[in-house]
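The structure appears right after this line, and notes come after that.
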Amino acid sequence: MTRARPRRRAPEVPTVTDTQPASPAPQSGGGSSPSLENLLREKRAFPPSAEFAAQANATSDLYEAAKADRLAFWADQANTLLTWKVPFTETLDWSGAPVARWFADGTLNAAYNAVDRHVEAGHGDRVAFHFEGEPGDTRTVTYADLQREVSKAANALTELGVRTGDRVVVYMPMLIESVVAMLACARIGAPHSVVFGGFSADALRSRISDAEAKVVITADGGYRKGAPSALKPAVDEALTPRDGQASTVEKVLVVRRTEQEVDWTEGRDVWWHDAVDGASDQHEPVWVEAEHPLFILYTSGTTGKPKGILHTTGGYLTQTAYTHRNVFDLKPETDVFWCTADIGWVTGHSYIVYGPLVNGATQVLYEGTPDTPHRGRWWELVQKYDVSIFYTAPTAIRACMKWGDDIPAGFDLSSLRLLGSVGEPINPQAWMWYREHIGGGGAPIVDTWWQTETGAIMISPLPGVTATKPGSAQVPLPGIAADVVDDEANVVPDGSGGYLVLSEPWPSMLRGIWGDLERYKETYWSRYEGLYFAGDGAKKDEDGDIWLLGRVDDVMNVSGHRLSTTEIESALVSNDIVAEAAVVGAADETTGQAVVAFVILRGEHADRAATDEGAAAVQTELRNHVAKEIGPIAKPKRILVVPELPKTRSGKIMRRLLRDIAEDRAVGDATTLADSSVMDKIAAGLKAPS
Ligand code: WTA
């Protein structure tokens with residue numbers, strides 16, 4: 001990307017030849033992400049044990065029922081899993097495609113479904129959360145406690161002026177209050193937009209402004225890697241007027257967690273304990289239509305500007321509850337479920353807050369990192385709380401593998417009966433390690449494919465039904481229509497690769513991009529007529545099972561977090577010393593992909609990188625700059641200063657060639673470059689250590 005911004009990349013969804021080798025064998029590279037060849041050799045399969053199958057929630061009848069009448073199947077799930085105030089009469093209205101309306105004439109409330117109805121059914125004493133802070137403080141919250149807390153917070157938000165339909169940004173560590181805040185918003189029909197606590201003030205500002213939020217809920221800070229980490233200063237910075245533009249935010253509600261000093265803006269800032277603790281614990285939920293917005297969640301796309309993915313109430317709750325029950329085989333009376341995601345990501349929304357609570361689950365909520373104060377912390381918690389179902393990301397599994405087998409071996413993990421994986425392709429080696437060393441060799445593993453946009457799991461084995469294969473998400477769930485197609489939208493035969501598409505609307509699908517319907521249509525629905533384009537490459541094996549192969553667009557997946565190449569390029573060129581930048585995702589053993597940036601310095605700074613120290617200083621300065629603009633998660637792992645970037649005659653950067661360099665491979669076919677000597681010049685300059 002050059003300094004002339006903003007410049008839209010056209011077409012937004014790249015063609016195969018743009019980012020990929022000629023055959024639709026999507027970006028996978030070497031390293032830990034599974035390559036096509038590797039996967040073709042993977043033949044192991046693990047049928048469910050008779051004991052597991054005998055007690056499983058899911059049976060093959062689900063596939064039959066969904067096949068017989070898909071809409072009746074979903075209507076049945078919505079009626080069985082949720083409590084409706086006014087029952088719906090129409091299941092799906094697709095007349096406004098690609099914006100779906102599910103269960104549209106029904107009314108309900110998400111917080112009532114997640115909390116109150118369990119108390120009314122006599123389960124008020126059931127533990128909703130075993131909270132564990134990173135420093136070791138604990139708190140047990142029952143469903144009755146949760147009902148009181150959410151009601152109080154809903155009253156407090158109303159008191160602060162939040163009305164049904166107003167947007168509330170939640171910028172929090174992993175605390176009980178974070179869940180309470182989300183549910184309190186849902187209770188009054190105010191869509192929440194959770195912004196991951198690791199994002200910077202600038203990233204927070206742009207999300208607040210895009211959502212036009214009225215209130216921000218935050219904390220003084222949270223504990224991370226053994227120390228308090230501040231959050232409130234980022235909120236203060238995000239709310240200072242810029243370019244004469246005042247923020248839309250009227251109130252900031254602040255949870256006290258770390259007791260760090262905070263700056264205070266009188267009239268705007270309110271302590272959570274002052275507003276919530278004294279509020280009434282009686283609150284009538286606001287009954288909303290099924291299509292009422294439940295939340296907006298920002299995610300990276302192929303252009304620089306993050307997309308506000310919009311989810312609504314009835315369909316989203318139906319599919320999160322359905323998948324949570326069947327994919328995780330949840331038995332609410334006896335299981336302890338632990339999803340290690342942060343609530344700032346969709347996995348936290350769907351499998352900490354909505355799915356599990358709607359199903360009345362008991363969960364572990366952990367504030368900190370897996371290696372604080374020691375590398376067995378997760379396994380210590382599994383042992384302590386008898387966790388039976390555990391859901392995490394391949395990047396975490398690979399980190400644990402690296403730390404050594406003896407660490408999990410030091411804990412009693414026999415309570416675990418089911419394991420899940422999400423966020424990126426899981427390589428067969430990590431899958432096998434997870435099975436042996438965490439699952440004790442017997443617990444089924446569900447590799448679940450889905451996206452922020454899909455709202456809930458779409459492709460996954462069903463435990464007790466499917467014989468699982470290491471590295472494959474395998475089959476669309478009952479009620480879901482997914483397939484792999486070639487460039488011309490033809491379904492590929494078994495044994496071939498192509499692009500993953502979804503061919504029928506599903507209840508928890510996104511209803512659009514906040515404030516930008518056109519972008520929604522263009523991003524997901526313009527590549528293939530009538531098909532949702534997921535942006536992932538995939539392959540079908542000889543049995544027709546689906547293997548995900550990673551993104552085919554300019555989106556990277558680092559530790560299961562989506563990052564946009566363009567967004568990071570924009571951040572880099574916004575620094576005065578940078579003339580041009582190109583970012584690629586390079587295969588990385590632990591994080592799946594790592595961000596590698598190639599930058600051309602501006603003339604007057606060009607010789608700053610001539611010495612090793614100079615190059616190191618430039619690298620540090622630019623990494624910090626990206627952390628400030630987006631957040632520490634987006635920091636490039638390597639920044640290479642180059643004299644030129646490889647471009648086609650039409651001026652498009654050929655990332656494929658840069659990826660070859662970043663992955664230390666021989667550079668591929670460079671014949672379409674405008675100047676074929678560029679790669680030699682780049683390589684010559686890189687002889688110096690990076
Ligand atoms: C990737 C996370 C392979 C994929 C829930 C998708 C996966 C993106 C898997 C969405 C999986 C997620 N196997 N790849 N089991 N799960 N992905 O929006 O590239 O943060 O498009 O949602 O993660 O990431 P997002």
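Both counts, for ligands and for their atoms, begin at 1 and track the order of listing.
- Here CZ of R527 is found 5.5 Å from CG of D487. Values are rounded to the nearest 0.5 Å.
- Under a 3.5 Å cut-off, the side chain of H349 and the backbone N or O of Y354 do not form any donor-acceptor pair.
- Annotation: atom 6 (C) of ligand 1 to nearest protein heavy atom, D536 OD2, 3.4 Å.
- Ring planes of Y499 and Y528: tilted class, angle from 30 to 60°.
- The pair D516-K307 does not meet the salt-bridge criterion, since no charged nitrogen lies less than 4.0 angstrom from a carboxylate oxygen.
- Under the 30°/60° scheme for interplanar angles, the aromatic rings of W431 and F46 are found to lie parallel.
- Of all the heavy atoms of T347, the ones lying under 4.0 Å from any atom of ligand 1 belong exclusively to the side chain.
- Between W433 and H437, the ring planes are parallel. Angles under 30° get that label, and only those over 60° would be called perpendicular.
- Contacts with ligand 1 closer than 4.0 Å are made by heavy atoms of both the backbone and the side chain of P425.
- Neither the backbone nor the side chain of I459 comes within contact range of ligand 1; no heavy atom lies under 4.0 Å.
- Judged purely by atom type and a 3.5 angstrom limit, N557 has no side-chain atom pairing as donor or acceptor with the backbone of Q593.
- Of all the atoms in ligand 1, the ones that sit under 4.0 Å from a non-hydrogen atom of T448 are 9 (C), 11 (C), 15 (N), 16 (N).
- Summary of contacts: the protein heavy atom closest to atom 24 (O) of ligand 1 is R562 CD, 3.1 Å.
- Residue Q451 places at least one N or O, backbone or side chain, under 3.5 Å from an N or O of ligand 1.
- The part of V346 lying near ligand 1 is the side chain, judged by heavy-atom distances below 4.0 Å.
- Looking only at heavy atoms of the protein, atom 18 (O) of ligand 1 is closest to T452 OG1, 2.5 Å.
- Under a 4.0 Å criterion applied to the non-hydrogen atoms of L548, ligand 1 contributes the atoms 3 (C), 13 (N).
- When hydrogens are left out, the protein atom nearest atom 21 (O) of ligand 1 is R551 NH1, 2.8 Å; that is the closest non-hydrogen contact.
- The protein atom (non-hydrogen) at minimum distance from atom 11 (C) of ligand 1 is E424 O, 3.5 Å.
- Among protein heavy atoms, atom 1 (C) of ligand 1 sits closest to G423 O, 3.3 Å.
- Between K540 and D545 there is no salt bridge, since none of the side-chain N atoms of the basic residue sits less than 4.0 Å from a carboxylate O of the acidic one.
- The aromatic rings of F295 and Y316 lie perpendicular to each other, with more than 60° between the two planes, well past the 30° mark.
- Of all the atoms in ligand 1, the ones that sit under 4.0 Å from a non-hydrogen atom of N557 are 1 (C), 23 (O).
- Heavy-atom separations between W449 and ligand 1 include at least one value shorter than 4.0 Å.
- Side-chain N or O atoms of E453 include none that pairs as donor or acceptor with a backbone N or O of M509 at under 3.5 Å.
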